[in-house]
Amino acid sequence: MTVFFAIGQLHGKEAAKIVADSHKAAVDMVEQISKDEKIECDFNRVDGYLIPHDKKEGVDIVKKEAKYADDVFGGVELVEKAPMGGYFTGPCVLFPRQGQFHPLKYLVGVVKAFEKMGGQIYTGDIVTDALAGSSSQPLVKTDKGGKIKCKDVVIATCHPSFAGLPTLLKEEPYRTYLIAGKVPKGSVPNVLIWNTADPYTYARITPCDDKYDYLLVGGEDHAVGHMTDPKDPKKPIKQLEEWAKAHYPMMINEDLEFKWSGEVWEPIDMVGIIGRDPKSPKHVFMISGDSGTGLTHSTLGAKLVTDLVMARPNPWEKVYNPGRVPPLGALKEFVRYGIHTSEAFAARVAPKVVGQEEVKDIDQIPLGSGAIMTNKAGKKVAVYRPKSGPVQISTAVCPHMGALLTWNDFEKSWDCPAHGSRFSTSGDLLNGPSTKPLPKADL
């Protein structure tokens, strides 16, 4: 959730205006690209509404944001209520003419356009480093021993494994949740809704068939490995269901077809990390810290990095600069993230620190679940007990920087609470910044 008042408090009004301008420009770019390249991605302009999460604090935030956002974003209004199909929201902020489109359809179209212009795409290799050093020609290394020389490198990912410590400490991995259920077609207005809660909740609709639309409700974010309730991994989903039922009673509960989660990177100072890599500023560039707004971040990031590569001035450069020093106002988030990271390393000695107790016997692990154990050699191991088949055992230490993993019972994966890497029950790599799977282990 982008709250311009909060960004302005940290970085100043001029920076908040640049963030607003860049996001608006990104939406315009997606619309123009989809037209120019004839990409059928269901792009349409919709209004967005920031609604209060309660009648006191939420309303105060809405009123502050309405005035501030109108100054930096333009065209913003404080209105009596948002169109939500019957639920009365109270005063809210209207952000007109936002964009909504199908990301995969758009991505397919962009890939085709890229290849038509001579671009080449290669997959299946993991980049382990991108160095420029004293040479003007960067060298990209892969996990299979490959070496690629090029003029410029753009690292566009959640978080690169080889980023320097200053960049690593500027963003924290969060797990976010989403549900989708059917509503009678036309019963929910096609608008974007998000609220002022922390963590916040959002809603939107997308077509299903001739009879129904899908209502998507998401949020309940928490730092990776730090569950809202470690004893109830489905609590975030339950809370989203409760919110959906309260705000959209027309949702057909028995047809709640989809429930899933994902991972986003939250910059501690609320602004994305886009521009020159502080380690190799001449020819290595990065796009990270998307904070759940990757559709616009990827676009504005591409525009900004293109200008930097082409040595063209761009007014967004300073605000998004990966090498910037976070303002003092972000110190609280920096300390909190530092504590979370420290806990993940301390847990190698005392796993209770991250809210999950170590077990001493495999029989203590429910079927279809996992837990940390100490093997005969005194090493921490990640043990998954499947409903059928042999027990799966891997090292419980993340290959990235050595933090102790936690078991994610909702997604059935091993997650690193320090930097967000994820691994399957058998130890296969699912998510960086680690570039290696978990080594097999014994009890």
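Computed from a predicted model, the values in this text were never measured in an experiment.
Between the side chain of Asn408 and the main chain of Glu411, a donor-acceptor pair closer than 3.5 Å is present. Side-chain atoms of Ser424 come within 3.5 Å of backbone atoms of Asp428 as a donor-acceptor pair (strictly under, hydrogens ignored). Side-chain N or O atoms of His247 include one that pairs as donor or acceptor with a backbone N or O of Trp243 at under 3.5 Å. Listed for the Thr406 side chain is a donor-acceptor partner under 3.5 Å among the backbone atoms of Asp415. Using modelled atom types, no side-chain atom of Arg276 and backbone atom of Phe285 make a donor-acceptor pair closer than 3.5 Å. A donor-acceptor pair is defined here as one N or O able to donate and one able to accept, closer than 3.5 Å; such a pair exists between the side chain of Thr89 and the backbone of Ala82. Of the possible donor and acceptor atoms, one in the side chain of Thr299 sits under 3.5 Å from a partner among the backbone N and O of Leu295. Between the side chain of Ser421 and the main chain of Ser434, a donor-acceptor pair closer than 3.5 Å is present. The closest donor-acceptor contact from the side chain of Asp70 to the backbone of Gly74 lies at 3.5 Å or more, if one exists at all. Checked by atom type and distance alone, the side chain of Glu172 never pairs as donor or acceptor with a backbone atom of Lys170 at under 3.5 Å.
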Decide salt bridge (charged side-chain N to carboxylate O under 4.0 Å, His left out) for Lys64 and Asp60; before the verdict, give the C-alpha distance in whole Å, the side-chain angles of both, and the deciding distance to 0.1 Å.
-> CA-CA 6 Å; Lys64 286 180 182 178; Asp60 289 342; over 6 Å; no
List the steps and the verdict of side-chain contact (heavy atoms from CB on, under 4.5 Å) for Ser261 and Phe410.
-> CA-CA 8 Å; Ser261 71; Phe410 179 71; 3.9 Å; yes
What do the steps show when you test Gln32 against Asp36 for side-chain hydrogen bond (donor to acceptor under 3.5 Å, both in side chains), and what is the final call?
-> CA-CA 6 Å; Gln32 192 61 49; Asp36 292 345; 2.9 Å; yes
Apply the test side-chain hydrogen bond (donor to acceptor under 3.5 Å, both in side chains) to residues Tyr177 and His222: give CA-CA distance (whole Å), side-chain angles for both, the deciding distance (0.1 Å), then the verdict.
-> CA-CA 9 Å; Tyr177 298 82; His222 62 77; 2.7 Å; yes
Is there a side-chain contact (heavy atoms from CB on, under 4.5 Å) between Tyr200 and Asn195 once you walk through the steps?
-> CA-CA 6 Å; Tyr200 77 105; Asn195 70 10; 3.5 Å; yes
Begin with the C-alpha distance, continue with both residues' side-chain angles, and end with the deciding distance and a verdict on side-chain contact (heavy atoms from CB on, under 4.5 Å) for Arg204 and Ile193.
-> CA-CA 6 Å; Arg204 60 200 58 188; Ile193 298 290; over 6 Å; no
Full working for side-chain contact (heavy atoms from CB on, under 4.5 Å) between Leu438 and Val397 = CA-CA 8 Å; Leu438 298 177; Val397 177; over 6 Å; no
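Look at Asp28 and Arg45 and you find a salt bridge, because one of the NZ, NE, NH1 or NH2 atoms lies within 4.0 Å of a carboxylate O, short of that distance. The pair Asp409-Lys412 meets the salt-bridge criterion, with a side-chain N (NZ, NE, NH1 or NH2) lying under 4.0 Å from an Asp/Glu carboxylate O. For the pair Glu220 and Arg175, the salt-bridge criterion is not met [side-chain N within less than 4.0 Å of a carboxylate O].
For the pair Pro433 and Trp265, the minimum side-chain heavy-atom distance is below 4.5 Å. Inter-residue side-chain proximity for His226 and Pro417 is flagged as met; some heavy-atom pair is nearer than 4.5 Å. No side-chain heavy atom of Ile274 sits less than 4.5 Å from a side-chain heavy atom of Asn321. A 4.5 Å side-chain heavy-atom check between Ile7 and Val271 finds at least one atom pair inside the cut-off. Here the side chains of Ile126 and Lys436 are not in contact, with every heavy-atom distance at 4.5 Å or above. Side chains of Arg312 and Thr306 form a contact here, defined as non-hydrogen atoms less than 4.5 Å apart. Residues Leu215 and Lys182 fail the side-chain proximity criterion, which asks for heavy atoms closer than 4.5 Å. Residues Thr128 and Thr142 are not in side-chain contact: their nearest non-hydrogen atoms beyond the backbone lie 4.5 Å or more apart.
To the nearest 0.5 angstrom, Asn190 atom CG is 4.5 Å from Ile205 atom CD1.
In this structure, Gly124 and Lys144 approach most closely via the heavy-atom pair O-NZ, 3.1 Å. Across all their heavy atoms, Val224 and Cys416 have their closest contact at CG1-O, 3.4 Å. Annotation for Ile287 and His297: closest pair CG2-O, 4.2 Å, computed over non-hydrogen atoms. Between Ile365 and Arg385 the shortest heavy-atom distance is O-NH1, 2.7 Å.
For residues 80-100, no residue pair satisfies the salt bridge (Lys or Arg N to Asp or Glu O under 4.0 Å) rule, not counting sequence neighbours. Among residue pairs with one or both ends in residues 12-27, those qualifying as salt bridge (Lys or Arg N to Asp or Glu O under 4.0 Å) are Lys13-Asp71, Lys17-Asp21; sequence neighbours excluded. Residue pairs meeting the ring pair (Phe, Tyr, Trp, His ring centres under 6.0 Å) criterion with at least one member in residues 43-69, sequence neighbours excluded: Phe5-Tyr68.
Relative orientation of the Phe95 and Phe4 rings is tilted, given thresholds of 30° and 60° on the angle between their planes. Taking the six-membered ring where tryptophan is involved, the planes of Trp260 and Phe258 are perpendicular, since the angle between them exceeds 60° and thus also 30°.
A donor-acceptor contact closer than 3.5 angstrom links the side chains of Ser288 and Glu171. Defined by atom type and a distance below 3.5 Å, a donor-acceptor pair is present between the side-chain atoms of Ser369 and Trp407. In this model, a donor atom of one side chain and an acceptor atom of the other lie less than 3.5 Å apart for Thr296 and His23. Side-chain N/O atoms of Tyr248 and Ser187 include no donor and acceptor closer than 3.5 Å.
Under the rule for a salt bridge (Lys or Arg N to Asp or Glu O under 4.0 Å), the partners of Lys259 that lie at least two apart in sequence or sit in another chain are Glu241. With sequence neighbours excluded, the residues that form a salt bridge (Lys or Arg N to Asp or Glu O under 4.0 Å) with Arg324 are Asp269. Under the rule for a side-chain contact (heavy atoms from CB on, under 4.5 Å), the partners of Lys235 that lie at least two apart in sequence or sit in another chain are Thr228, Asp229, Asp232, Gln239. Qualifying side-chain contact (heavy atoms from CB on, under 4.5 Å) partners for Gln392, counting only residues two or more places apart in sequence or in other chains: Tyr384, Thr425, Ser426. Contacts of Thr176 classified as side chain to side chain donor-acceptor pair (under 3.5 Å), with partners at least two apart in sequence or in another chain: Asp221. Residues forming a salt bridge (Lys or Arg N to Asp or Glu O under 4.0 Å) with Glu37 (at least two apart in sequence, or on another chain): Lys116. Annotation: side-chain contact (heavy atoms from CB on, under 4.5 Å) contacts of Ser298 (sequence neighbours excluded): none. Glu77 meets the side-chain contact (heavy atoms from CB on, under 4.5 Å) test with Val79, Leu94; sequence neighbours excluded.
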Donor-acceptor pairs under 3.5 Å, side chain of residues 105-114 to any protein atom, not counting sequence neighbours: which ones?
residue, atom, partner, partner atom, Å
Lys105, NZ, Asp42, OD2, 3.0

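Val140 pairs in a side chain to side chain contact (heavy atoms under 4.5 Å, CB included) with only one of the listed residues (Asp129, Ile155, Ile148), which is Ile148.
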